[in-house]
Amino acid sequence: MKILDNSIYFSNYGRHLVSRLQSRSIFNELKNDLDHSSILRLNFEGINLVTLSFMTELFANLKGSNIDKVTIENANSAILPKINFAMKRINSKTEGVC
Amino acid sequence: MPQVVNIDLNQSHKISRLISVFSEIDMAESLEINILHRRNWFISVHLYPILCSIVNEMRANNVEVIINFETPENCNQLRYAERMNFLDCLGIEYLNPYRRHGNAGRFIEILNVPPRGYDFPIDLLEIFTNDFNLGEAAARDLALIMLELACNTTMHTYSANGSYFYCQKYPDQRFLDIYLVDSGVGIIHTMRGNEEFFDKTDEELLPLSIQFEMGSGNGQGHGLYFVSEFIRRNGGGMLLVSGNYNLQIHSGNLTTGVNDRYKGVILKMRIPFDITVTMDELMIEKEYENLG
């Protein structure tokens with residue numbers, strides 16, 4: 001299941017999260033199933049690599065859809081800095097806080 | 001009558017010389033390429049991804065490209081070229097075909113990174129870690145760099161054929177040479193998509209492309225910044241060619257230059273095995289810089 005209890009399980013899309021196109025595709029696939037009133041959980045279990053391109057595209061799309069409450073789950077120490085950096089950069093360009 | 005160019009593989013062509021040969025070519029018109037070499041003389045490998053990109057971009061746009069290439073038997077240089085996937089990429093049959101089994105060794109064969117793809121065609125992290133035996137931090141950061149660059153090519157090149165990647169390891173000198181080449185629209189054209197740059201000259205736009213959060217607007221402007229900064233801070237080298245201009249990083253310094261026109265992007269990177277500044281550290285530095 002790609003989304004459950006307002007959680008996105010990225011392992012359903014492979015071990016590497018790379019391209020802006022992929023990020024856009026995932027967001028478009030799931031956006032209508034997201035509960036805007038609850039915290040969105042981004043689950044990175046099993047993910048080995050993420051690019052800044054993928055993450056900034058994702059966070060920009062989430063902000064654009066007024067989804068401003070997000071938590072990061074099960075991101076290993078190799079990918080968490082990239083995720084945090086992307087989140088902070090997108091937040092610095094828009095109002096609101098993830 | 002097709003356009004005709006002659007390429008001598010054995011003259012240690014500087015990239016600039018190869019660019020000059022193709023700078024006058026109309027990529028919408030049929031082309032005949034005479035590839036020359038003296039048997040068993042050394043071939044400069046940087047020619048391969050550039051030739052593959054130009055030829056296959058034209059073919060992907062249904063332009064006829066005829067390649068005349070003498071391929072004698074038992075030629076060590078051509079066997080090596082075949083191992084690198086060069087001949088196959090150009091659609092040339094070799095009399096003594098050689099197929100590698102597995103990626104272990106000192107190079108990653110020339111491969112096409114398709115346009116509009118979601119991921120790199122091979123698992124670079126695994127190759128850099130297990131086959132190239134790089135340290136964990138270096139393997140991870142190098143894989144990340146290539147994935148960011150590949151993402152750039154899928155988003156910005158508008159290339160029919162994508163880009164070409166090639167990697168050569170030099171274990172004694174302890175560095176990698178990595179090439180990523182496309183024959184798309186080029187960086188200048190992409191940067192002009194950002195209205196903020198309407199008053200910038202072409203010469204000004206290429207250096208802007210590697211500055212933090214200076215991009216086309218169709219992205220965040222992080223990829224080329226962190227790639228170039230990673231190379232610069234780790235004592236590596238970089239040559240970025242697009243249009244009539246180029247950027248070079250050498251010994252920690254950035255310089256700009258002029259060249260004959262290359263339509264797409266040629267990126268050559270020389271990256272040491274031993275990384276002293278990681279991507280995470282660069283990002284932390286940037287966070288503190290922006291807080292201040």
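Chain naming here is simple, since letters A, B, ... match the order of the sequence lines and numbering starts at 1 in each. Keep in mind it's a predicted model, so treat the numbers as computed, not measured.
Under the 6.0 Å cut-off for aromatic ring centres, B/His222 and A/Phe85 qualify, their centroids lying closer than that.
Side-chain N or O atoms of A/Gln22 include none that pairs as donor or acceptor with a backbone N or O of B/Asp119 at under 3.5 Å.
Only the side chain of B/Leu125 comes within less than 4.5 Å of a heavy atom of chain A; its backbone N, CA, C and O stay farther away. Proximity to chain A is limited to the side chain of B/Glu213, based on heavy atoms less than 4.5 angstrom apart.
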Give the intermediate values and the outcome of side-chain contact (heavy atoms from CB on, under 4.5 Å) for residues A/Val18 and B/Tyr118. CA-CA 7 Å; A/Val18 176; B/Tyr118 281 6; over 6 Å; no
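A distance of 8.5 Å separates CD in B/Glu126 from NE2 in A/His16, rounded to the nearest 0.5 Å.
Chain A forms the most heavy-atom pairs under 4.5 Å with one residue out of B/Thr154, B/Asn152, B/Asp123, and that residue is B/Asp123.
Interface with chain B: from residues 33-50 of chain A, residues A/Asn48, A/Leu49, A/Val50 qualify, criterion being any non-hydrogen pair under 4.5 Å.
With B/Leu144 as the partner, the side chain to side chain contact (heavy atoms under 4.5 Å, CB included) test is satisfied by one option alone out of A/Leu52, A/Ile79, A/Thr51: A/Thr51.
Residues A/Leu21 and B/Gly117 approach most closely at CD1-O, 4.2 Å, considering heavy atoms. Heavy atoms only, all atoms of each residue included: A/Arg20 and B/Cys151 are closest at N-SG, 3.3 Å.
Within a 6.0 Å sphere centred on CD of B/Glu136, other residues, nucleotides and ligands contribute 12 heavy atoms or fewer. The environment of CD in B/Glu196 is sparse: at most 12 heavy-atom neighbours from other residues, nucleotides or ligands sit within 6.0 Å. By the neighbour-count criterion of 12 heavy atoms within 6.0 Å, atom CG of A/Asp5 is sparsely surrounded, having that number or fewer from other residues, nucleotides or ligands.
Take B/Asn246 and apply the side chain to side chain contact (heavy atoms under 4.5 Å, CB included) test, not counting sequence neighbours, and it matches B/Leu239, B/Val241, B/Gln248, B/Asn259.
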